[in-house]
2 protein chains.
Amino acid sequence: MRVLKYAILGLLNRHPMTGYDIGKEFNYELAEFWHAKHSQIYTELKKLHKEELVTFDIEISGDILEKKQYSITDKGREDLIYWLHKDELIGKTAKDVFRVRMYFCNFLDLDARIGLLESQKMQQTKRMNTLMKTAEQYPEVPLADSDRFGDYIILEGAIMRQKSIIAWLDKCIGYCQKAQEEKKA
Amino acid sequence: MRVLKYAILGLLNRHPMTGYDIGKEFNYELAEFWHAKHSQIYTELKKLHKEELVTFDIEISGDILEKKQYSITDKGREDLIYWLHKDELIGKTAKDVFRVRMYFCNFLDLDARIGLLESQKMQQTKRMNTLMKTAEQYPEVPLADSDRFGDYIILEGAIMRQKSIIAWLDKCIGYCQKAQEEKKA
DNA sequence: TTAAACATGTAAGCTGTTACATGATTTA
DNA sequence: TAAATCATGTAACAGCTTACATGTTTAA
């Protein structure tokens, strides 16, 4: 599948950047649907260079420090555009460690369950607030042919996903609290 | 992390089963949050056996065929219960190939985008209908200390997630159609 | 001057997929 | 009797994480 390859080509198709810059992108909007460590990024860039999908120019920053500014080649752009058009079948649902715990939660007493659920809710809410703050930068939907259109719809999707996660956690907390009250009675 | 280890221990803690049975579980409810191929399952079971977290009895099915019925040991159960209590920090958002495509979709013309979005919507809707049909088996929320409680909340969470995905796709389709109309005018 | 951020890479090991490999039992 | 399902395994490879390794530049 080599999705990382296309995530990198997609970024370089916007404008040239270094491996380090690409790593930073995986901490902003991109982090809402893909991520990679620098070790993997540098390895992939080397591979893409061998395949002639990217080139680089060495720039000197300060006196000594060499920076590699990577750019996409025509061959790389062709490959990217072809991949973007692919209408692939949806795969298995993404893995989720917290749901594994909840699936087997009947072996946890109600206090422990509520504790885990509340902790999860706090963390997921914090993430949602960060997303909402980013969304304030968009007073309206960006033009459909601008880079920002992709940024915007992914951000909106991330907020919707986040809301649905929190709503589910609330439901689960409700069930557990109700069970706890029934136990007392 | 070894999540597969705990997914398997959790299943065996419900009742003994073969590697093949475990593989089948990953195609039902479990598939909503974890999955694994039989090659990985058999390898993991061997490892768990070495670690004395599971045991097995060989049963003969028919005349010759040997089936290994795996059971969890006390040591395995202890390990599982300890893991279930862990309140870990949420990780990076799950990877999503379709959102990679949409992030870079400004390099796709509007017809292609709408085509991809509609295809995605069709597939995600189909998945939701399957989940909704399964949910009909639950006339009410199961008791909090039964296996079925875990099954139920995961199913409910999967339906909510699915609804939110479809709502997002609809929004995206709407944006693209609006842009298309504006282009014509 | 020192801490944070910039910048690039390799090696070992774990996780997961695809392909190879074999054979028995059940149902139509 | 043929096809579907049951049943168990190994090998090669791809994807990803953690740790190792090094050094520069910028801003406080």
Side-chain angles (χ1 to χ4, degrees), chain A residues 1-9 11 16-28 30-31 33-51 54 56-70 88-89 91-97 100, chain B residues 1-9 12 16-28 30-31 33-51 54 56-70 88-89 91-97 100:
Chain A
M1 281 270 290
R2 297 194 59 191
V3 184
L4 178 62
K5 165 184 164 178
Y6 294 104
I8 290 175
L9 288 179
L11 286 173
M17 48 198 337
T18 66
Y20 189 82
D21 294 329
I22 292 169
K24 276 196 298 181
E25 291 286 334
F26 283 112
N27 291 315
Y28 300 117
L30 215 67
F33 55 86
W34 211 264
H35 59 264
K37 312 275 178 180
H38 77 273
S39 54
Q40 207 187 352
I41 294 165
Y42 288 120
T43 309
E44 188 64 35
L45 280 169
K46 209 168 215 180
K47 203 172 171 188
L48 294 175
H49 186 244
K50 244 182 224 160
E51 295 169 322
V54 303
F56 62 85
D57 291 303
I58 291 174
E59 278 181 22
I60 304 294
S61 168
D63 290 323
I64 308 170
L65 189 61
E66 292 189 349
K67 288 206 289 182
K68 289 186 182 172
Q69 281 284 346
Y70 281 93
E88 285 169 331
L89 293 178
K92 298 254 178 181
T93 305
K95 294 179 174 181
D96 185 333
V97 185
V100 177
Chain B
M1 282 270 289
R2 297 192 62 191
V3 183
L4 178 61
K5 165 182 164 180
Y6 294 104
I8 290 175
L9 288 179
L12 293 179
M17 47 199 335
T18 66
Y20 189 82
D21 293 331
I22 292 169
K24 276 195 298 180
E25 291 285 336
F26 283 112
N27 291 315
Y28 299 118
L30 216 68
F33 56 88
W34 211 264
H35 58 265
K37 313 272 177 180
H38 77 273
S39 53
Q40 207 186 351
I41 294 165
Y42 288 120
T43 309
E44 189 64 35
L45 280 169
K46 209 166 215 180
K47 203 172 171 188
L48 294 175
H49 187 244
K50 245 182 224 161
E51 296 169 322
V54 302
F56 63 85
D57 291 302
I58 290 173
E59 277 181 22
I60 303 293
S61 168
D63 291 322
I64 307 171
L65 189 61
E66 292 189 349
K67 290 208 286 184
K68 289 186 182 173
Q69 281 284 346
Y70 282 93
E88 285 169 329
L89 293 177
K92 297 255 178 183
T93 305
K95 294 178 174 180
D96 184 332
V97 185
V100 177

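Given the structure is predicted, the values throughout are model-derived calculations rather than measurements. Side-chain atoms are counted along with the backbone in the values below, which use heavy atoms only and exclude waters and symmetry mates. Sequence lines set the chain letters: A, B, ... in the order given, protein chains first and strands last, and positions in each chain run from 1.
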Below 4.0 Å: OP1/OP2 of [N] and any side-chain N or O of [X]:
X	N	answer
Lys67(B)	dA7(D)	yes
Tyr20(A)	dC6(C)	yes
Lys37(A)	dT18(D)	yes

For this session: Evaluate the criterion side chain to side chain contact (heavy atoms under 4.5 Å, CB included) for residue pair Phe26(A) and Leu4(A); output intermediate values, then yes/no.
Result: CA-CA 11 Å; Phe26(A) 283 112; Leu4(A) 178 62; 3.8 Å; yes
Exercise. When the nearest nucleotide of DNA chain D is assigned to Tyr70(B) and to Lys95(B) on a heavy-atom basis, which residue is associated with the more 5' position?
Worked result: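 The residue mapped nearer the 5' terminus is Tyr70(B).
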Exercise. Between His35(A) and Ser61(B), who's closer to the 5' end of DNA chain D by nearest nucleotide?
Worked result: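 The residue closer to the strand's 5' end, by nearest nucleotide, is Ser61(B).
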Sub-3.5 Å pairs of nitrogen or oxygen atoms, protein against nucleotides 10-13 of chain C:
residue: dT10(C); atom: OP1; partner: Lys46(A); partner atom: NZ; Å: 2.8

Problem set entry | Distance-minimising heavy-atom pair for Ser61(A) and Lys67(A) |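 That closest heavy-atom pairing would be CB-CE, 4.0 Å.
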What is the separation between atom [atom1] on [X] and atom [atom2] on [N], rounded to the nearest whole Å?
X	N	atom1	atom2	result
Met17(B)	dC6(D)	CE	P	13 Å
Glu44(B)	dG9(D)	CD	C1'	15 Å
Leu65(B)	dT8(D)	CG	C1'	9 Å
Lys92(A)	dG16(C)	NZ	P	14 Å
Leu48(A)	dG15(D)	CG	P	12 Å
Asp63(B)	dA7(D)	CG	P	15 Å
Trp34(A)	dG15(D)	CH2	P	10 Å
Lys5(B)	dG16(C)	NZ	C1'	18 Å

Exercise. Leu4(A) has a side chain; which of dT25(C), dG23(D), dC16(D) sits nearest to it?
Worked result: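 Among dT25(C), dG23(D), dC16(D), the one nearest the side chain of Leu4(A) is dC16(D).
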Problem set entry | Side chain to side chain, Val97(B) and Met1(A), heavy atoms closer than 4.5 Å |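 Answer yes - side chains close enough.
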For this session: Apply side chain to side chain contact (heavy atoms under 4.5 Å, CB included) to Lys68(B) and Asp57(B), showing your working.
Result: CA-CA 6 Å; Lys68(B) 289 186 182 173; Asp57(B) 291 302; over 6 Å; no
Exercise. If you measure from CG on Asn27(A) to NZ on Lys92(B), what distance do you get to the nearest 0.5 Å?
Worked result: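 Rounded to the nearest 0.5 Å, the CG-NZ separation comes to 4.0 Å.
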For this session: To the nearest 0.5 Å, tell me how far Met17(A) CE sits from Gln69(A) CD.
Result: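 Those atoms lie 8.5 Å apart.
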For this session: Step by step, work out the side chain to side chain contact (heavy atoms under 4.5 Å, CB included) result for Asp21(B) and Lys24(B).
Result: CA-CA 5 Å; Asp21(B) 293 331; Lys24(B) 276 195 298 180; 4.0 Å; yes
Can you list, pair by pair, the side-chain donor-acceptor contacts under 3.5 Å of residues 34-51 of chain B, counting residues two or more places apart and other chains?
residue: Thr43(B); atom: OG1; partner: Ser39(B); partner atom: O; Å: 2.6
residue: Glu44(B); atom: OE2; partner: Arg2(B); partner atom: NH2; Å: 2.7
residue: Glu51(B); atom: OE1; partner: Arg2(B); partner atom: NH2; Å: 3.2
residue: Glu51(B); atom: OE2; partner: Arg2(B); partner atom: NH1; Å: 2.8

Exercise. Bend across the helix from dT1(C)-dA28(D) to dA28(C)-dT1(D), to 10°, with axes taken over 5 pairs at each end?
Worked result: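 The value is 40°.
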